[in-house]
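Order of the sequence lines fixes the chain letters, A, B, ..., with proteins taken first and strands second; residue numbering starts at 1 for each chain. What's counted below: heavy atoms across the whole structure, side chains too, no hydrogens, waters or symmetry copies.
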Protein chains: 2
Amino acid sequence: MAKPENRTAVEDYLKVIFSLGEWQEETVSNAAVAARLGVSTSSVSEMARKLADSGLVAHKRYGGMRLTDEGLEQALRMVRRHRLVETFLVRSLGYSWDEVHDDAEVLEHAVSTLMVDRMDDQLGRPWRDPHGDPIPTPDGVLHQPAAEPLAASTAGERRFVARIDDDDPALLRWFADTGIAVDAEVVVRERKPFGGATRLEVTPPGAAAGVTHEVELGAQAVAALLVSLEPASPDPLNDKGCHYVGCRHIGVPRVSEKNR
Amino acid sequence: MAKPENRTAVEDYLKVIFSLGEWQEETVSNAAVAARLGVSTSSVSEMARKLADSGLVAHKRYGGMRLTDEGLEQALRMVRRHRLVETFLVRSLGYSWDEVHDDAEVLEHAVSTLMVDRMDDQLGRPWRDPHGDPIPTPDGVLHQPAAEPLAASTAGERRFVARIDDDDPALLRWFADTGIAVDAEVVVRERKPFGGATRLEVTPPGAAAGVTHEVELGAQAVAALLVSLEPASPDPLNDKGCHYVGCRHIGVPRVSEKNR
DNA sequence: GATAGAAGTTAGGCATGCCGAACTCCGAGA
DNA sequence: TCTCGGAGTTCGGCATGCCTAACTTCTATC
C-alpha cells in the first residue's frame, strides 16, 4: 500500500516561505509564515530549525528565514505542481477559476512526476495558470513578468492585466462578470481620494478593438490586480526567450544550459 | 492552507477490509489486513479498536472483523474513487493499465467530491475500470459481476474475461502483448497436470470472429483472471439493470429508491 | 480434557506536527 | 544606557500511527 509520505508539511512551509518572499527580496518572518499557514509561531520555530537542519532554509536565531538554493528548487517544484494542477482542473475538468484553489492545494501533494508530465503534455506546456501566475519550467526556473500593482499605475495609461490574486473566490466571480481577466486591457480613468473607488476602462481579452466598458473597483479589487506595461506574448516565446517584456528569472536551472 | 486531513490511514484500512472480504463473506483476519497493508499486527489491533469505536467495523476480541453498513459505505466510496481515478488516468492522461495503480492509490485520498464528479462526467459514467473491476455507483452500490476464477472454468467452454488482477504490472504488460484483455473471449484448450501450464484460445475484444490465437499461461497468470459465462452488456444496462447477467449487489443505497 | 503453537492484544516507545505557556532576545524610545 | 514590549524560542504535552516485545486467548490435536 502506498504510504502518504507526509512530506506535506515541509512542502507547505517551503511554498509559503517562497511566496511570502516572491515579491520583496527580504527574509520572511516567523509570524508571517505562521499567519499564512494558520499555525502557531512555536510550530514555525520548530519547523524552521528542521528546515535549516536539512539545508532548505537559511535561518539565524531570532532573525528571518530565507530559502537556500535547494529549498528554492523544491519550492518552485511545488509551485509548478500547484499551478499546473489549477490549469488542468480548469481546462480539462471544467472547473471555474474560483473553484480550483482548494482542490489544487491538496492535489499538489499527491500528483506524481509522471502525472505532472502528462498534464503538462495534455495542456500543451502552459506557461501561466488561469489567474495569470507563471508556471515554473520543468528545470526549475520561474519567469516572473515585470508587473506592478494596479494601484501604482498612472491614470490614463494603458495597462494589461497580468496576474489576478486568487485568494477570494467571490472576487474572482465578480471579475469574471465584469470582463476583468488575464490579458484584459485596462486604463485607469479616475481615482477617488482617500481609498475611494477606482474607475477603470476595460477591454476584455479577445474583444474587438474599441469594445470597452467602465467598471468601478473598490480597494480590495484594485489590490488583487497586477498589471504590466506590455501585453504578454502568445506562444511561442518572444525574442527575449520570455512571454513578457521585462522578466525576472527566479531559480537555478537544474539542467545546465547548452549555449553558454 | 488546506490541511492534509489524515483520514488516509482509516481510509486504507476500510478499503483493505472491504477487498479482503469482497469475494468470501467471512470476517477478515487481523493478520490478513496486516499483510496487505504492510504493517504489524499490533497496528491492526489498535486500528481495529478505533474503527470499532467509531462504528465502522464490527470486531470481537480475538475474532475477525467485518465492516458495518457505515464502514461499507465509506469503503465503497473509496473503491469508487480509486477505480474512477484509474479509469481517468488511463483514458484521459494516457497512462497504460500497468502504470495506474500506485498513482491511483495516492490520488484516491486527495480528490474532492467535485473532482470525482467531474471525472465521472468526462468519462461518461464508466461502470468498470481498465482492469474490469466494477465501479460503485455514486449512491454506494457495487454491481459485482458473476465471475469465477479461470482455474474453475470447464475446458472447452467459452468464457469472457471479466476482471484482471492489477497487482503485478509486468503481468499486465504481458497480458496486453498476448491480447488478453477485459472482454476477450477465451476457451481453455488444455490443462497440464500438477500446476502446469494452461493452453488458452484467445479472441481479443473487438477482433473479427474467428481471429483467435493460442496462449500458454502459467499458474500466476491463470490466477489473475476472472471470467464470466456471459459477455458484459455494453452501455446502457441490460434488462436486469446490470451490465452482467447474474450480479451481486453490495452496499446499502444511500438515496432511498423511488419505486418501493 | 490438556496443551502447544498460532493468532491477537497490550504495553511501552519513537517520530511527526501541532499547541499554549514560559522564557529569551533585540531594538526602539526614554 | 536602560528598559520594556513584541517577536522568536523552548518546554512539556497531546494526538496519530507505527514498531517490538511480552502477554493473553483460542483452537487443533493428542
Side-chain angles (χ1 to χ4, degrees), chain A residues 1-17 20-21 24 26-67 71 74 78 105-106 108-110, chain B residues 1-17 20-21 24 26-67 71 74 78 105-106 108-110:
Chain A
M1 191 111 306
K3 289 155 221 157
E5 187 86 28
N6 263 21
R7 238 174 27 273
T8 349
V10 166
E11 289 174 345
D12 278 341
Y13 276 91
L14 291 178
K15 222 182 43 168
V16 162
I17 295 168
L20 289 174
Q24 80 280 21
E26 314 286 316
T27 65
V28 171
S29 77
N30 179 318
V33 174
R36 190 64 109 66
L37 281 169
V39 300
S40 71
T41 60
S42 61
S43 300
V44 176
S45 276
E46 227 173 84
M47 185 59 91
R49 197 174 33 71
K50 285 178 198 164
L51 293 175
D53 287 351
S54 19
L56 297 168
V57 307
H59 180 219
K60 210 175 62 221
R61 274 185 87 204
Y62 298 101
M65 52 194 116
R66 178 201 309 267
L67 294 174
Q74 279 196 218
M78 291 314 298
E105 203 72 36
V106 176
E108 68 190 6
H109 302 296
Chain B
M1 189 112 304
K3 288 156 223 157
E5 187 85 28
N6 262 21
R7 235 173 30 271
T8 352
V10 166
E11 290 174 345
D12 278 341
Y13 275 91
L14 291 178
K15 221 183 43 168
V16 163
I17 296 168
L20 289 175
Q24 80 279 22
E26 315 285 317
T27 65
V28 171
S29 78
N30 179 317
V33 174
R36 189 67 108 66
L37 281 169
V39 299
S40 71
T41 60
S42 63
S43 300
V44 176
S45 276
E46 228 173 83
M47 185 58 92
R49 197 174 32 71
K50 285 178 198 166
L51 293 176
D53 287 351
S54 19
L56 297 170
V57 307
H59 180 220
K60 211 174 60 226
R61 274 185 84 199
Y62 298 100
M65 53 194 116
R66 177 203 307 269
L67 294 174
Q74 279 197 219
M78 291 315 297
E105 204 71 36
V106 176
E108 68 189 5
H109 302 295

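- Residues satisfying the side chain to side chain donor-acceptor pair (under 3.5 Å) test with B:T41, not counting sequence neighbours, are none.
- Sorted by first then second residue, the side-chain hydrogen bond (donor to acceptor under 3.5 Å, both in side chains) pairs that include residues 49-61 of chain A, not counting sequence neighbours, number zero.
- B:A110 and A:A110 make their closest contact through CB-CB, 3.5 Å (heavy atoms, listed as atom of the first residue, atom of the second, distance).
- Here the closest non-hydrogen pair linking A:E108 and A:M78 is O-CE, 3.6 Å.
- Spacing between atom CD of A:E11 and atom C1' of C:dT16 amounts to 15 Å, rounded to whole angstrom units.
- By the 4.5 Å heavy-atom criterion applied to side chains, B:L56 and B:Q74 are counted as neighbours.
- The side chain to side chain donor-acceptor pair (under 3.5 Å) check on B:S45 picks up B:N30, with sequence neighbours excluded.
- Closest contact between the side chain of B:K50 and the listed nucleotides D:dC19, C:dC19, D:dG17 involves D:dG17.
- Nearest to the side-chain atoms of A:E46 among the listed nucleotides C:dC19, D:dC18, D:dT9 stands C:dC19.
- Ranking D:dG8, C:dT10, D:dG17 by closeness to the B:S45 side chain, first place goes to C:dT10.
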Below 3.5 Å between N/O atoms, which protein atoms pair up with nucleotides 21-24 of chain D? Just atom names and distances, please.
none

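- Checking C:dG8, D:dT9, C:dC19 against every side-chain atom of A:N30, the shortest atom distance belongs to D:dT9.
- Here D:dC18 presents its C1' atom at 12 Å from CG of B:L37, a figure rounded to the nearest Å.
- For C:dG8, neither phosphate oxygen OP1 nor OP2 lies less than 4.0 angstrom from any side-chain nitrogen or oxygen of B:T41.
- Taking atom CG on A:D12 and atom C1' on C:dT16, their separation rounds to 15 Å, with Å as the unit.
- When rounded to the nearest whole Å, the span between CG of B:D53 and P of D:dG17 equals 13 Å.
- One can place NZ of B:K60 at 17 Å from P of C:dA7, the figure rounded to the nearest angstrom.
- For B:S29, the side-chain contact (heavy atoms from CB on, under 4.5 Å) test picks out B:A31, B:A32, with sequence neighbours left out.
- Note: CG (A:L51) to C1' (C:dT16) measures 13 Å, nearest angstrom.
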